[in-house]
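Below: one structure, written as structure tokens.
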Number of protein chains: 2
Amino acid sequence: MTTEILPKNENDSIQKEIISKIRDYINFKNLEPGDKLPSERKLSEKFEVSRGNVREAIQTLESYGLLYSKPQSGTFIADIGPVAMNGMINDILRLEEPDFKTLVETRILLELKTVRLAALRRTEEDLKEIEEALEAYAEKVMKGEDAVQEDLLFHLAIAKAAGNSTINTFMLTITPEIITNFAKYHVCDKNVAFTGIQEHRDVYEAIKKKDPQLAKEKMKIHFKLLYQYCYNIND
Amino acid sequence: MTTEILPKNENDSIQKEIISKIRDYINFKNLEPGDKLPSERKLSEKFEVSRGNVREAIQTLESYGLLYSKPQSGTFIADIGPVAMNGMINDILRLEEPDFKTLVETRILLELKTVRLAALRRTEEDLKEIEEALEAYAEKVMKGEDAVQEDLLFHLAIAKAAGNSTINTFMLTITPEIITNFAKYHVCDKNVAFTGIQEHRDVYEAIKKKDPQLAKEKMKIHFKLLYQYCYNIND
DNA sequence: CAAACCAATTTGGTAAACCAGTTTTAGAAA
DNA sequence: TTTCTAAAACTGGTTTACCAAATTGGTTTG
């Protein structure tokens with residue numbers, strides 16, 4: 001068992017090990033789309049791991065669309081040729097844990113998009129929900145209380161109004177990590193919050209006016225502080 | 001049991017049911033960060049579902065950073081206040097299955113970003129891998145064979161060179177869905193591939209020259225066909 | 001009276017057993 | 001030899017039983 005890079009936990013490590021062994025097996029046997037993989041039981045004894053571990057690895061590859069399982073039948077190679085199969089598995093194996101800088105970089109990218117789309121596509125109901133989130137945020141700040149949660153919900157409301165379920169999913173994925181790191185690095189100080197109210201209002205007004213360009217500009221201003229953490233953003 | 005929107009499968013449905021019940025429980029008991037949730041066994045009998053289903057729901061909420069489990073101890077509320085907890089769970093529950101249009105819209109957004117970052121940050125090794133992917137693609141096309149896989153790997157190589165692990169993860173997430181839908185809607189015809197070679201070369205040259213603006217322009221041209229599926233892209 | 005210790009219970013995690021379809025196979029009939 | 005059928009073996013999915021760590025409450029001890 002090769003221990004190349006120390007992973008965050010043991011479980012993640014052995015799953016990657018299994019995935020790479022599955023890749024090797026697919027290559028060795030020249031499995032093509034539609035071909036059947038050995039049963040979970042056989043793989044587990046061949047790799048000398050528990051069946052649960054094998055199932056976990058298969059489900060991961062299934063989530064990337066590389067395999068598919070038919071109940072009471074078997075696990076099969078998806079409709080992806082060997083070249084792409086190898087390339088994608090290798091990419092999956094070398095995926096790094098997202099760090100704070102790339103999280104922020106990605107969040108800014110996504111939000112500058114969602115705010116434009118929200119300005120273009122928002123319904124009256126969307127607008128109302130954004131306004132409610134804005135007021136809840138402002139109220140909290142005026143009381144001098146911490147308003148990180150309300151801040152977050154304002155941005156999520158905009159993402160929802162953008163009407164892009166894929167981006168929405170991504171926003172939800174990175175949000176908790178962002179919060180954790182914000183707290184760790186003390187990005188959001190109390191004094192920032194007051195200026196934040198007006199910035200939020202500006203964004204809201206631009207969405208209300210259905211002006212995508214203005215909305216994007218105002219969001220950029222709102223993200224000015226974050227830019228410090230994130231070089232090479234000048235779109 | 002309320003059946004609001006028909007889900008894609010039964011399993012997904014009951015998991016959402018359980019998640020909403022967990023949300024209700026957290027609200028009813030006013031659980032705050034650090035508070036302990038009842039054990040999986042108690043929740044399973046309270047909700048009248050199997051313990052496996054409860055575990056699945058908890059793991060989903062764990063993946064969004066809303067709960068965390070300590071072995072042989074219990075499951076706890078993460079460091080997120082009740083307002084954000086409710087907002088995020090509600091967002092999670094109403095997440096729609098990504099459709100083709102939002103997938104393409106998101107892919108274009110991500111790739112226009114990665115190609116810029118790749119032009120700025122690429123190492124010599126990155127460049128070499130991109131070139132290899134390009135040549136493999138061109139070779140396949142010249143032989144008149146299907147080159148969807150090689151096309152995909154070229155784009156993934158660029159994403160890798162962008163050096164943003166978060167975006168990279170997202171690219172890997174949507175790629176299989178894109179492929180599936182491409183095949184379904186016959187987006188990539190054979191005749192497109194020949195013009196694709198030069199377009200790929202242009203993108204590659206721009207990355208080689210470390211010209212982010214040019215790289216983005218060339219990628220835009222390459223995505224011209226995709227634009228048809230995706231209105232409101234004019235960034 | 002407080003602190004330290006110990007056993008019993010509770011916990012999330014995991015491996016084993018079980019289930020309901022599917023696939024293969026062996027055998028009998030034509 | 002071929003074809004059809006029934007049963008046995010196999011499969012992924014699910015439930016159940018078990019495990020070891022950690023918490024808890026009571027007891028003992030300094």
Side-chain angles (χ1 to χ4, degrees), chain A residues 1 7-19 21-23 25-26 29 31-80, chain B residues 1 7-19 21-23 25-26 29 31-79 176:
Chain A
M1 173 171 165
K8 60 175 175 182
N9 60 52
E10 182 64 23
N11 208 17
D12 196 32
S13 167
I14 67 169
Q15 188 185 142
K16 288 204 170 188
E17 200 80 24
I18 295 173
I19 287 177
K21 282 179 180 173
I22 291 178
R23 176 203 54 194
Y25 182 89
I26 291 174
K29 295 284 186 183
L31 295 189
E32 297 176 357
D35 287 353
K36 194 162 87 170
L37 224 55
S39 71
E40 296 174 350
R41 289 170 179 80
K42 281 180 185 162
L43 287 179
S44 71
E45 68 178 82
K46 180 192 285 278
F47 299 157
E48 292 177 343
V49 292
S50 77
R51 191 184 153 201
N53 293 133
V54 173
R55 280 182 62 78
E56 210 176 342
I58 287 177
Q59 279 168 10
T60 297
L61 293 177
E62 235 181 314
S63 76
Y64 284 106
L66 302 181
L67 301 176
Y68 62 92
S69 291
K70 281 204 287 185
Q72 286 80 40
S73 180
T75 302
F76 302 85
I77 309 291
D79 191 20
I80 288 180
Chain B
M1 173 170 166
K8 61 175 174 182
N9 61 50
E10 182 64 24
N11 209 16
D12 196 33
S13 167
I14 69 169
Q15 188 185 143
K16 288 204 168 186
E17 200 82 23
I18 295 173
I19 288 178
K21 282 178 180 174
I22 291 177
R23 176 201 56 192
Y25 181 89
I26 291 175
K29 296 284 186 182
L31 294 189
E32 297 174 357
D35 287 353
K36 193 162 88 171
L37 223 56
S39 71
E40 296 174 349
R41 290 170 178 81
K42 282 178 184 164
L43 286 178
S44 71
E45 67 178 81
K46 180 193 285 277
F47 299 157
E48 291 177 342
V49 293
S50 78
R51 191 186 153 201
N53 293 131
V54 173
R55 280 181 63 79
E56 208 176 345
I58 288 176
Q59 279 168 9
T60 297
L61 293 177
E62 238 182 313
S63 75
Y64 283 106
L66 303 180
L67 302 176
Y68 61 93
S69 291
K70 283 204 286 186
Q72 286 79 40
S73 178
T75 302
F76 301 85
I77 309 290
D79 192 19

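Chain naming here is simple, since letters A, B, ... match the order of the sequence lines and numbering starts at 1 in each. Hydrogens, waters and symmetry mates play no part in the numbers below; they use all other heavy atoms, side chains included.
- Heavy-atom distances under 4.0 Å link DNA chain D to B:R41, B:S50, B:R51 of residues 38-70 of chain B, given in residue order.
- Put simply, the side chain of B:T60 reaches to within 4.5 Å of the side chain of B:I19, judged on heavy atoms.
- Rounded to 10°, the angle separating the first-five-pair axis and the last-five-pair axis of the helix from C:dC1-D:dG30 to C:dA30-D:dT1 equals 30°.
- The CD-P distance, from A:Q72 to D:dG12, rounds to 9 Å in whole Å.
- Dense packing is recorded around CG of A:D35, with more than 12 heavy atoms of other residues, nucleotides or ligands lying under 6.0 Å away.
- Contact between B:G65 and B:A78 at its shortest, heavy atoms only, is O-CB, 3.2 Å.
- Note that OG of A:S39 and CZ of A:R51 are 8.0 Å apart. Values are rounded to the nearest 0.5 Å.
- Among all heavy-atom pairs drawn from B:K42 and B:P38, the shortest one is CB-CB, 4.3 Å.
- Once rounded to the nearest 0.5 Å, the distance linking NZ of B:K70 with NZ of B:K36 reads 9.5 Å.
- A:I22 has its side chain within reach of A:L37: a pair of non-hydrogen atoms, C-beta onward, lies under 4.5 Å apart.
- Among all heavy-atom pairs drawn from A:Y68 and A:I77, the shortest one is CE2-O, 3.4 Å.
- If you walk DNA chain C from 5' to 3' and mark each nucleotide with an atom closer than 4.0 Å to a heavy atom of chain B, the marks span C:dT11 to C:dT14.
- Distance alone, capped at 3.5 Å, is enough to place a donor-acceptor pair between the B:E62 side chain and the B:S69 backbone.
- Considering only heavy atoms from C-beta on, A:E56 comes within 4.5 Å of A:N53 through its side chain.
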